[in-house]
K.L.:
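Take this structure first; my questions come after.
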Number of protein chains: 2
Amino acid sequence: MAGGSGSPGRSVTSRALGVLDAFSSDAPRLSLSEIAERSGTPLTTAHRLLGELTEWGALIRRPDGRYEIGRKLWDLGLLAPVQLELRQVAAPFLQDLHTTIRDTVHLAVREGLSALYVERISGRESVPVVSQVGSRLPLHATGVGKVLLAAAPDDVVEKALAELRPVTRHTVVDRERLVRELAEVRRRRYARTCEEMSPGAASIAVPVQVERPTGPLAVAALGIVVPPHRRDLARMVPALEMAARGIGRALARSMQFH
Amino acid sequence: MAGGSGSPGRSVTSRALGVLDAFSSDAPRLSLSEIAERSGTPLTTAHRLLGELTEWGALIRRPDGRYEIGRKLWDLGLLAPVQLELRQVAAPFLQDLHTTIRDTVHLAVREGLSALYVERISGRESVPVVSQVGSRLPLHATGVGKVLLAAAPDDVVEKALAELRPVTRHTVVDRERLVRELAEVRRRRYARTCEEMSPGAASIAVPVQVERPTGPLAVAALGIVVPPHRRDLARMVPALEMAARGIGRALARSMQFH
DNA sequence: GGACGATCTTCCGCTCAACGGAAGGCCGGC
DNA sequence: GCCGGCCTTCCGTTGAGCGGAAGATCGTCC
């Protein structure tokens with residue numbers, strides 16, 4: 001018989017969410033059937049939901065046959081206080097740093113076992129950079145990730161060490177080696193990688209710390225990506241540290257008021 | 001009597017949307033009853049919807065008593081192709097321009113009768129700037145707005161002239177004067193304002209054009225905000241024009257491939 | 001040209017999940 | 001203690017969402 005029982009188990013909201021979830025940076029534009037398949041929603045249902053989402057307020061757009069994320073979601077996303085304060089406070093410092101060194105600069109925070117990139121300024125295109133604002137990478141795979149991991153609580157480090165999946169052929173997957181690297185990051189107060197994420201790109205990263213009664217707390221990591229043949233990589237560390245200190249101080253100041 | 005018939009007239013999706021819509025940049029953090037009131041949803045219903053939105057995938061967060069836009073909406077928003085190409089293509093040019101002039105740089109497109117700011121780099125804090133990425137301002141109230149209006153089709157100009165609401169005490173509301181200003185913008189190929197939006201801020205703006213078989217098409221406006229006492233304002237126009245031309249060419253190139 | 005396949009859209013009867021008023025906590029102020 | 005906001009839980013009613021089937025549309029291949 002045709003006809004349905006209502007949704008079997010999931011609320012309407014959650015299916016609409018499932019439909020939205022079908023979109024990802026790999027697939028920002030999808031056809032109806034792709035969405036239905038990716039979200040596990042029956043085709044008819046997906047069709048109706050997308051219709052509502054489109055009609056009812058530009059959450060979803062459909063300029064041609066395919067569907068894409070609409071303007072309203074962009075608006076709403078900008079309201080998200082995801083590190084809103086950090087981003088606002090850090091922006092001018094990232095600017096200055098970029099002006100000085102002219103390479104890609106980015107800022108990341110730890111979210112679980114990932115580094116979440118919250119801000120970024122692109123440099124000359126010659127250096128290939130994979131991270132984008134909003135993207136996540138495992139903590140053990142990048143410079144900023146290692147800085148964040150080195151500063152993370154022990155249980156996070158343990159969990160991270162437990163699952164060292166390679167992201168590229170050059171990702172560090174040897175536990176002993178990573179432990180040694182983390183110790184060195186803590187000692188030198190900066191991390192350095194060479195072509196681990198993408199060939200032709202080296203990086204250095206430093207922690208952004210806020211002073212707390214219990215000691216300094218690393219709230220983010222600031223990194224730059226440069227061509228690996230640069231000889232003066234180490235010379236950039238002071239500039240990075242200066243910017244990081246600036247952000248840390250500005251953050252502490254702005255947190256007093258809230 | 002107790003009990004309800006289902007939702008009277010609006011689909012579930014649309015009420016969930018209404019709830020999301022309650023959030024705005026004026027009020028990014030709201031309590032349950034505020035949301036219920038703003039969205040016109042019965043309190044109980046709002047409560048349930050927010051619960052689902054929160055539980056079912058971090059669309060909404062609730063760190064303390066109040067609700068706020070969650071991380072997932074931020075993620076999704078970043079996928080929105082709202083001028084995605086324009087933003088990506090323009091970013092390095094805005095960078096270079098900012099490095100040269102060191103003041104606030106921003107990029108806006110026309111959306112209906114508003115200028116929508118899609119990208120921005122802040123300059124020295126001394127100059128007060130109201131626009132943010134994602135915000136909208138009437139076309140007649142700002143430099144980039146006037147550039148966009150000067151390049152808009154006649155029917156848009158007419159509609160804009162029909163409702164000249166003042167945004168600040170210094171907004172141009174005289175129709176004749178605005179018409180004259182627009183003519184001058186077209187002739188000089190740049191717009192200039194002085195303390196119209198906020199005291200202590202002047203601006204200049206130029207169109208970003210793409211060559212089309214039918215002639216040049218203005219797709220965006222590029223503007224800077226500087227202190228009004230600067231004497232060398234006009235000298236910056238060439239730099240702005242150069243950046244705008246660069247963006248236009250890069251856009252045309254990238255559009256060939258799509 | 002005509003048949004086929006893939007994809008999108010409309011239709012419609014059957015349920016059950018959403019609805020929201022009422023009532024029950026919770027807290028802080030007077 | 002009592003009152004007034006604000007939030008949360010409860011529950012009977014019912015219409016809104018559900019999704020299979022069938023129709024429409026379009027491009028492709030023989």
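Here is the naming used below: chain letters follow the sequence lines, and residue numbers restart at 1 for every chain. Everything numeric here is computed off the predicted structure, so don't read it as measured data.
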K.L.:
By side-chain contact (heavy atoms from CB on, under 4.5 Å), which residues pair with B/T45, not counting sequence neighbours?
P.N.:
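Residues passing side-chain contact (heavy atoms from CB on, under 4.5 Å) with B/T45: B/R15, B/T41, B/P42, B/R48, B/L49.
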K.L.:
Using five base pairs at each end to define the local axes, how bent is the helix from C/dG1-D/dC30 to C/dC30-D/dG1, to the nearest 10°?
P.N.:
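About 30°, once rounded to a multiple of 10°.
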K.L.:
Nearest-Å distance, CZ (A/R66) to C1' (C/dC8)?
P.N.:
13 Å
K.L.:
I want to check one thing: is the phosphate of D/dG20, taken as OP1 and OP2, less than 4.0 Å away from some side-chain N or O of A/T44?
P.N.:
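Checking D/dG20 against A/T44, no side-chain N or O comes under 4.0 Å of OP1 or OP2.
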K.L.:
Output a table of nitrogen or oxygen pairs between the protein and nucleotides 22-28 of chain D separated by less than 3.5 Å.
P.N.:
none

K.L.:
To the nearest Å, how far apart are A/R48 CZ and D/dG19 P?
P.N.:
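Atom-to-atom, A/R48 to D/dG19, this comes out as 7 Å.
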K.L.:
Could you state the CZ-P distance from B/R15 to D/dG15, rounded to the nearest angstrom?
P.N.:
14 Å
K.L.:
Grab the CG-C1' distance between A/L50 and C/dC8 for me, whole Å please.
P.N.:
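Spelled out: CG on A/L50 to C1' on C/dC8 is 12 Å.
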K.L.:
Quick one: side chains of residues 145-171 of chain B, donor-acceptor pairs under 3.5 Å with protein atoms, not counting sequence neighbours, listed by atom name and distance.
P.N.:
from: B/K146; atom 1: NZ; to: B/E181; atom 2: OE1; distance (Å): 2.9
from: B/K146; atom 1: NZ; to: B/E196; atom 2: OE1; distance (Å): 2.8
from: B/K146; atom 1: NZ; to: B/E196; atom 2: OE2; distance (Å): 2.9
from: B/T168; atom 1: OG1; to: B/H170; atom 2: N; distance (Å): 3.1
from: B/T168; atom 1: OG1; to: B/T171; atom 2: OG1; distance (Å): 3.4
from: B/T168; atom 1: OG1; to: B/E196; atom 2: O; distance (Å): 2.5
from: B/T171; atom 1: OG1; to: B/V167; atom 2: N; distance (Å): 2.9
from: B/T171; atom 1: OG1; to: B/T168; atom 2: N; distance (Å): 2.8
from: B/T171; atom 1: OG1; to: B/T168; atom 2: O; distance (Å): 3.2

K.L.:
Can we say B/R38 and B/D21 salt-bridge, meaning some charged N sits less than 4.0 Å from an Asp/Glu carboxylate O?
P.N.:
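Judged by the 4.0 Å cut-off on N to carboxylate O distance, B/R38 and B/D21 do not form a salt bridge.
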K.L.:
Please list, chain by chain and in numerical order, all residues satisfying side chain to side chain donor-acceptor pair (under 3.5 Å) with A/H140, sequence neighbours excluded.
P.N.:
none
K.L.:
Tell me which residues in residues 29-42 of chain A put a heavy atom below 4.0 Å from DNA chain D, sorted by number, or none.
P.N.:
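Heavy-atom contacts with DNA chain D come from A/P42.
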K.L.:
Output the rounded distance in Å from CG (A/L43) to C1' (C/dT7).
P.N.:
8 Å
K.L.:
Sequence neighbours left out, what passes salt bridge (Lys or Arg N to Asp or Glu O under 4.0 Å) with B/E34? Give chain and number order.
P.N.:
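By the salt bridge (Lys or Arg N to Asp or Glu O under 4.0 Å) rule, B/E34 matches B/R66.
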K.L.:
State which residues pass side-chain contact (heavy atoms from CB on, under 4.5 Å) with B/L86; sequence neighbours excluded, sorted by chain then number.
P.N.:
B/Q83, B/L107, B/V109, B/V118, B/A220, B/I247, B/L251
K.L.:
Does A/A91 have any side-chain contact (heavy atoms from CB on, under 4.5 Å) partners at least two apart in sequence or in another chain, and if so, which?
P.N.:
none
K.L.:
Using the side chain to side chain donor-acceptor pair (under 3.5 Å) criterion, which residues pair with B/R29? Sequence neighbours excluded.
P.N.:
B/D64, B/E68
K.L.:
What is the distance, to the nearest angstrom, from the CG atom on B/L49 to the C1' atom on C/dG20?
P.N.:
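These atoms are roughly 12 Å apart.
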K.L.:
Go through the steps for A/F23 and A/I69 under the test side-chain contact (heavy atoms from CB on, under 4.5 Å), then give the verdict.
P.N.:
CA-CA 8 Å; A/F23 294 88; A/I69 298 288; 3.9 Å; yes
K.L.:
Examine D/dT8: is either OP1 or OP2 under 4.0 Å from a nitrogen or oxygen in the side chain of B/H47? Give yes or no.
P.N.:
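So the side chain of B/H47 is within the cut-off, an N or O lying under 4.0 Å from OP1 or OP2 of D/dT8.
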K.L.:
Go through the structure and list residues passing side chain to side chain donor-acceptor pair (under 3.5 Å) with B/Q209, not counting sequence neighbours.
P.N.:
B/R189
K.L.:
According to side-chain contact (heavy atoms from CB on, under 4.5 Å), who are the partners of B/R62, at least two apart in sequence or on a separate chain?
P.N.:
B/Y67
K.L.:
If I take atom OH in residue A/Y67 and atom P in nucleotide C/dT7, what distance separates them, rounded to the nearest angstrom?
P.N.:
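In whole Å, C/dT7 P lies 14 Å from A/Y67 OH.
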